[in-house]
Amino acid sequence: MRKHYSVFFLLITFFSFFHFHHALMCFLKERVTCVSTLELMGFRVGQGLIERFTKDCPTFKEDLDIMKFLCKDLWSTIFRKQIDNLRTNHQGTYVLQDNKFALLTQFSTGKQYLEEAPKYLAFSCGLIRGALSNLGLESVVTAEVSLMPSCKFQVVIQKL
Amino acid sequence: MAVCIAVIAKENYPLYIRSVPTQGELKFHYTVHTSLDVVEEKISGVGKALADQRELYLGLLYPTEDYKVYGYMTNSKVKFVIVVDSSNTSLRDNEIRSMFRKLHNSFTDVMCNPFYNPGDPIQSKAFDSIVSTMMVQAF
């Protein structure tokens, strides 16, 4: 019952998320601090979300299982679709490609507004980093956009 | 009904310990601390055995002459430890599992609280009241 409630809550907030996100952008005008503040916010949200969504899952066996969980379950719960492509070099680097990233679909389908995109990806980068951190993997997450609305998140796991 | 309930962070320091006040608290701190070794053993042991489904519930960690200690580890490596009186034989496995389930649900709520920083001691009143319902009522 609890699980349905939180998913329902997420769906409700999803529609207003775009507008909230955009309002947040306008509020945080300075480019440099804007991106890092958003990333930190995403980090904290990612930690909380993971705690809620892995409540009923068995323990993960290895890093690849964690990445698959991120691409399928977490992404579909938050963005209502799965990651389209996951690539790895099996040495701790993963590239997640989303061909129709939910936060970018309203911008353009091409190269227009490409320079505005990084700000809108910061929160999601933080989300991925927070989710992985709570599952025990420290990482560095960056995003790149070459053609809207498709984007690639690069995750590099930091081995101690 | 538990005699002591503890929540331990992934770095192995306590986020929350509560025990029945009539008995020495230090003894429970010690019991919980030693149980961490058993938890580590169980986790690494299961990996080698390649179990199909790794459960979060770890079961009875070790029995002493006075107490029985049960463990549970979440996916974010936070451990819950419940210490139960040995003389209380009516407590079945299912009941312990449901206690851990309630603890996990309550902990998830604490985690999602934006005013809570992960790694800080837990000070949530809601969490306290859930734990109170599971502790032996002190007179």
Side-chain angles (χ1 to χ4, degrees), chain A residues 1-10 13 17 20 24 37-38 40-70 72-74 77-78 123 126-139 157-158 160, chain B residues 7-13 15-16 36 39-59 71-80 97-120 122 124 126-127 130:
Chain A
M1 196 60 184
R2 247 288 162 62
K3 184 172 146 187
H4 296 305
Y5 178 73
S6 61
V7 171
F8 176 68
F9 184 77
L10 264 167
T13 54
F17 185 60
F20 171 74
L24 201 60
T37 313
L38 281 166
L40 280 170
M41 280 194 230
F43 183 81
R44 181 70 186 90
V45 170
Q47 285 180 316
L49 280 178
I50 274 293
E51 193 69 52
R52 209 172 270 287
F53 294 147
T54 58
K55 211 165 48 166
D56 302 307
C57 296
T59 331
F60 295 110
K61 284 197 203 104
E62 46 166 48
D63 294 359
L64 193 58
D65 291 329
I66 294 181
M67 292 310 294
K68 283 190 202 163
F69 174 81
L70 205 76
K72 291 195 196 146
D73 301 298
L74 196 73
T77 318
I78 302 175
F123 187 85
L127 198 80
I128 298 175
R129 193 167 69 88
L132 288 173
S133 159
N134 214 12
L135 289 170
L137 296 174
E138 293 304 319
S139 57
I157 309 283
Q158 311 289 298
L160 289 158
Chain B
V7 178
I8 294 145
K10 86 172 117 170
E11 291 90 3
N12 286 338
Y13 64 87
L15 291 173
Y16 185 88
L36 287 178
V39 170
E40 297 285 334
E41 207 185 289
K42 286 225 174 207
I43 298 300
S44 52
V46 170
K48 286 185 193 116
L50 266 174
D52 299 318
Q53 258 231 355
R54 291 170 71 172
E55 270 196 26
L56 304 181
Y57 175 67
L58 299 170
Y72 181 101
M73 190 162 99
T74 68
N75 270 313
S76 49
K77 309 286 177 272
V78 169
K79 299 140 192 120
F80 301 132
R97 276 180 200 260
S98 71
M99 278 165 77
F100 275 124
R101 190 120 288 275
K102 273 197 285 189
L103 261 181
H104 196 173
N105 287 340
S106 196
F107 177 74
T108 309
D109 289 337
V110 168
M111 207 41 190
C112 290
N113 181 351
F115 297 111
Y116 170 73
N117 269 325
D120 287 350
I122 295 176
S124 154
F127 192 77
I130 295 277

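Naming: A, B, ... by sequence-line order, numbering from 1 per chain.
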**Item:** Interchain contact, A:Leu135 with chain B, by part (heavy-atom threshold 4.5 Å)
**Value:** both

**Prompt:** How many angstroms lie between atom CG of B:Asn75 and atom CD1 of A:Ile66, to the nearest 0.5 angstrom?
**Reply:** 8.0 Å

**Message:** Tell me the closest heavy-atom pair linking A:Gly48 and B:Cys112, and the distance in Å.
**Reply:** O-SG, 3.6 Å

**Item:** Euclidean distance, A:Arg52 CZ relative to B:Met111 CE, rounded to 0.5 Å
**Value:** 11.0 Å

**Request:** Looking only at non-hydrogen atoms, find the nearest pair between A:Ser133 and B:Lys10 and report the distance.
**Result:** O-NZ, 2.9 Å

**Prompt:** Is there a side chain to side chain contact (heavy atoms under 4.5 Å, CB included) between A:Arg44 and B:Tyr116 once you walk through the steps?
**Reply:** CA-CA 10 Å; A:Arg44 181 70 186 90; B:Tyr116 170 73; 4.0 Å; yes

**Steps toward side chain to side chain contact (heavy atoms under 4.5 Å, CB included) verdict (A:Asp56, B:His104)** = CA-CA 10 Å; A:Asp56 302 307; B:His104 196 173; over 6 Å; no

**Request:** Step through the shown structure and confirm whether more than 12 heavy atoms of other residues, nucleotides or ligands are within 6.0 Å of OH on B:Tyr13.
**Result:** yes

